Amino acid sequence: LLEFSGACAGCGETPYAKLATQLFGDRMFIANATGCSSIWGGSAPATPYTVNHKGFGPAWHNSLFEDNAEFGFGMTLAQNAIHDRLKENVEKIAELSSDEEVKAAVAKYVDTLTDSKASREATDALIEKLEVIAGGDGEAAELAKKTLIDKDSLAKKSMWIFGGDGWAYDIGFGGLDHVIASGKNVNILVFDTEVYSNTGGQASKATPVGSVAQFAATGKSTKKKDLAAIAMSYGYVYVAQVAMGADKNQTLKAIAEAEAYDGPSLIIAYAPCINHGLKVGMGCSQLEEKRAVDCGYWNLFRFNPQLADEGKNPFILESKEPKTEDYRKFMMGEAR
């Protein structure tokens with residue numbers, strides 16, 4: 001459910017967004033930080049986000065650079081409040097009804113309220129019952145009519161916060177930290193280009209040591225901030241570092257697990273950028289992701305707190321032993 005993005009050719013960000021919409025697009029809410037992803041994601045008068053044959057697609061919103069995490073968190077809390085109210089309505093309808101099929105439809109709906117995939121089917125079945133009830137009289141009919149006004153909000157939504165490293169590591173970090181510390185069920189996808197891409201390639205806290213960027217003309221003197229380690233230190237945040245071109249299965253697994261995890265999740269996605277100055281050209285950005293992982297420049301892992309509950313190590317390192325002789329070759333393949 002992501003069509004023609006208008007991003008730079010070979011952009012490392014768009015494949016991750018497209019994959020997320022392929023998995024959850026028919027039920028996604030996206031809070032998008034201002035930056036590259038808001039430019040290719042919502043430049044007037046067009047947007048690349050689209051709908052499926054049923055008319056369902058991502059509800060996309062753009063927020064300021066500095067408060068996108070809080071903005072997405074607010075959307076999540078609003079959805080939770082709406083769900084709580086609608087759940088009360090349908091449970092009251094089940095109490096008032098003597099129809100066993102109505103009771104079963106309500107029970108199935110309530111059971112799937114935390115599962116965005118299963119919720120759609122259960123919600124559709126419930127709406128059919130509510131429409132029949134709304135045609136009658138009495139308290140149940142009135143409650144059904146009131147609930148049907150918000151029928152678009154009945155199904156569980158998949159709540160996402162999108163943004164680049166300039167937002168996540170730097171300007172919006174305070175908000176991002178606040179949101180993951182909340183323990184609420186919200187998903188954060190960081191497109192890590194390791195530089196402020198949209199404003200011309202300034203160094204960010206995600207820029208690695210030695211990398212040349214604006215305001216770091218002789219190479220950045222400090223190392224890259226370890227956002228994943230900060231998030232993992234909470235112990236209850238799902239954290240994954242991915243690179244699609246290096247391991248498509250691991251990327252898919254991480255995004256699916258993060259969405260299914262009933263708590264905060266953070267996915268940091270390596271995204272080659274035109275500012276990297278790839279000497280092989282941006283047409284090979286996926287191959288560059290593979291090179292980055294193969295040489296040990298970028299690590300692939302998942303940190304799943306649910307494994308700790310089972311007495312297992314929650315941290316799974318998924319990239320192989322690096323081919324260290326390729327490290328210098330990888331670095332010299334980029335102008336930065």
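All values reported here derive from a predicted model rather than from experimental measurement.
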Next on the checklist: Looking only at side-chain N and O atoms, does S37 offer a donor or acceptor that is under 3.5 Å from a partner on E13?
Outcome noted: no
Checklist entry - For the residue pair A254 and A240, what are the closest heavy atoms and their distance? => result CB-CB, 3.7 Å
Checklist entry - Considering only heavy atoms from C-beta outward, does the side chain of F303 approach that of Y238 to under 4.5 Å? => result no
Item to check | Residues Y49, E3; criterion side-chain contact (heavy atoms from CB on, under 4.5 Å); working and verdict | outcome: CA-CA 6 Å; Y49 293 101; E3 293 185 300; over 6 Å; no
Checklist entry - If you look only at pairs with a residue in residues 185-195, which of them pass as a salt bridge (Lys or Arg N to Asp or Glu O under 4.0 Å), with sequence neighbours excluded? => result D192-K224, E194-K224, E194-R336
Checklist entry - Would one find more than 12 heavy atoms of other residues, nucleotides or ligands at under 6.0 Å from atom CD of E321? => result no
Checklist entry - Is it true that the NZ or CZ of K220 lies under 6.0 Å from the centre of F215's six-membered ring and within 45 degrees of the ring axis? => result no
Checklist entry - Do S38 and N32 have a side chain donor and acceptor closer than 3.5 Å? => result no
Checklist entry - Is there side-chain contact between H276 and C273, with at least one heavy-atom pair below 4.5 Å? => result yes
Checklist entry - Any idea which heavy atoms bring A31 and G72 closest together, and the distance? => result CB-CA, 3.5 Å
Checklist entry - Under 3.5 Å, is there a donor-acceptor pair between the R27 and S116 side chains? => result yes
Checklist entry - How about E289 and W298: does a side-chain donor come under 3.5 Å of a side-chain acceptor? => result no
Next on the checklist: Distance check, rounded to the nearest 0.5 Å: R291 atom CZ versus D326 atom CG?
Outcome noted: 10.0 Å
Next on the checklist: Is there a side-chain contact between F24 and I30 in this structure, where contact means two heavy atoms from C-beta onward sitting under 4.5 Å apart?
Outcome noted: no
Table please: side-chain donor-acceptor pairs of residues 131-145 below 3.5 Å, with sequence neighbours left out.
unit_1: E142; atom_1: OE2; unit_2: K145; atom_2: NZ; d: 3.4

Checklist entry - What do you reckon, is NZ of K225 surrounded by more than 12 foreign heavy atoms closer than 6.0 Å? => result yes
Next on the checklist: Between T147 and N89 (side chain of the first, backbone of the second, donor and acceptor by atom type, cut-off under 3.5 Å), is there such a pair?
Outcome noted: no
Item to check | Worked check of side-chain contact (heavy atoms from CB on, under 4.5 Å) between Y109 and V90 | outcome: CA-CA 9 Å; Y109 170 75; V90 298; 3.9 Å; yes
Item to check | 4.5 Å side-chain heavy-atom contact, I188 and P264 | outcome: no
Next on the checklist: Would a single hydrophobic cluster contain both I180 and L189, if residues Ile, Leu, Val, Met, Phe, Trp and Tyr are joined by side-chain heavy-atom contacts under 4.5 Å?
Outcome noted: no
Checklist entry - Can you say whether the rings of H61 and F71 are parallel (under 30°), tilted (30 to 60°) or perpendicular (over 60°)? => result perpendicular
Checklist entry - More than 12 heavy atoms of other residues, nucleotides or ligands under 6.0 Å from CZ of F315: is that the case? => result yes
Checklist entry - Any salt bridge (Lys or Arg N to Asp or Glu O under 4.0 Å) pairs touching residues 166-177, not counting sequence neighbours? => result D170-K205
Checklist entry - Under a 4.5 Å cut-off applied to non-hydrogen side-chain atoms, are K156 and H83 in contact? => result yes
Next on the checklist: Determine whether N62 and T34 satisfy the following criterion, side-chain contact (heavy atoms from CB on, under 4.5 Å), listing intermediate values before the conclusion.
Outcome noted: CA-CA 7 Å; N62 171 222; T34 295; 3.3 Å; yes
Checklist entry - Same cluster for V195 and V190 if Ile/Leu/Val/Met/Phe/Trp/Tyr side chains link at under 4.5 Å? => result no
Checklist entry - H178 vs F73 aromatic rings, parallel, tilted or perpendicular, using cut-offs 30° and 60°? => result perpendicular
Checklist entry - Going by atom types only, do T207 and S211 share a side-chain donor-acceptor pair under 3.5 Å? => result no
Checklist entry - Nearest 0.5 Å, what's the OG-CG distance between S119 and L113? => result 6.0 Å
Item to check | Candidates E318, Q241, R302 - the one meeting side chain to side chain donor-acceptor pair (under 3.5 Å) with Q250 | outcome: E318
Next on the checklist: The test is side-chain contact (heavy atoms from CB on, under 4.5 Å); show your working for V51 and L1 and say whether it passes.
Outcome noted: CA-CA 6 Å; V51 297; L1 298 179; 5.7 Å; no
Checklist entry - For D262 and T114, does a side-chain donor sit closer than 3.5 Å to a side-chain acceptor? => result no
Next on the checklist: With a 6.0 Å cut-off (strictly less than), is the heavy-atom count around CE of M331, excluding the residue itself, greater than 12?
Outcome noted: no
Next on the checklist: Please enumerate all residues that pass side-chain hydrogen bond (donor to acceptor under 3.5 Å, both in side chains) together with S204, with sequence neighbours excluded.
Outcome noted: D165
Item to check | Separation of K54 NZ from N52 CG (nearest 0.5 Å) | outcome: 7.0 Å
Item to check | Closest approach of A69 to V179 (non-hydrogen atoms, all atoms of both residues) | outcome: O-CG2, 3.4 Å
Item to check | Results of ring pair (Phe, Tyr, Trp, His ring centres under 6.0 Å) for F162 - residues two or more places apart only | outcome: F191
Checklist entry - Between D247 and V293, is any pair of side-chain heavy atoms under 4.5 Å apart? => result no
Next on the checklist: Would you say Y261 and Q306 are linked by a side-chain donor-acceptor pair, where the criterion is simply a distance under 3.5 Å?
Outcome noted: no
Checklist entry - Looking at side-chain heavy atoms only, is the closest gap between S158 and F29 below 4.5 Å? => result no
Item to check | Close side-chain approach of V242 to Y270, heavy-atom, < 4.5 Å | outcome: no
Item to check | Minimum heavy-atom distance between A231 and V237, given as atom pair plus value | outcome: O-CB, 3.7 Å
Checklist entry - When you measure from the side chain of Y16 to the backbone N and O of M244, does any donor-acceptor pair fall under 3.5 Å? => result yes
Item to check | Inter-residue atom distance C8.SG - N275.CG, 0.5 Å rounding | outcome: 8.0 Å
Item to check | Summary of salt bridge (Lys or Arg N to Asp or Glu O under 4.0 Å) pairs that have at least one residue in residues 100-117, sequence neighbours excluded | outcome: E101-K129
Item to check | Linked, directly or transitively: I161 and I230 (ILVMFWY side chains, under 4.5 Å) | outcome: yes
Item to check | Any donor-acceptor N/O pair, E257 side chain to N304 backbone, under 3.5 Å | outcome: no
Item to check | Short side-chain donor-acceptor distance under 3.5 Å, S63 and D67 | outcome: yes
Checklist entry - Side-chain heavy atoms under 4.5 angstrom apart, residues restricted to Ile, Leu, Val, Met, Phe, Trp, Tyr: same cluster for L19 and W40? => result yes
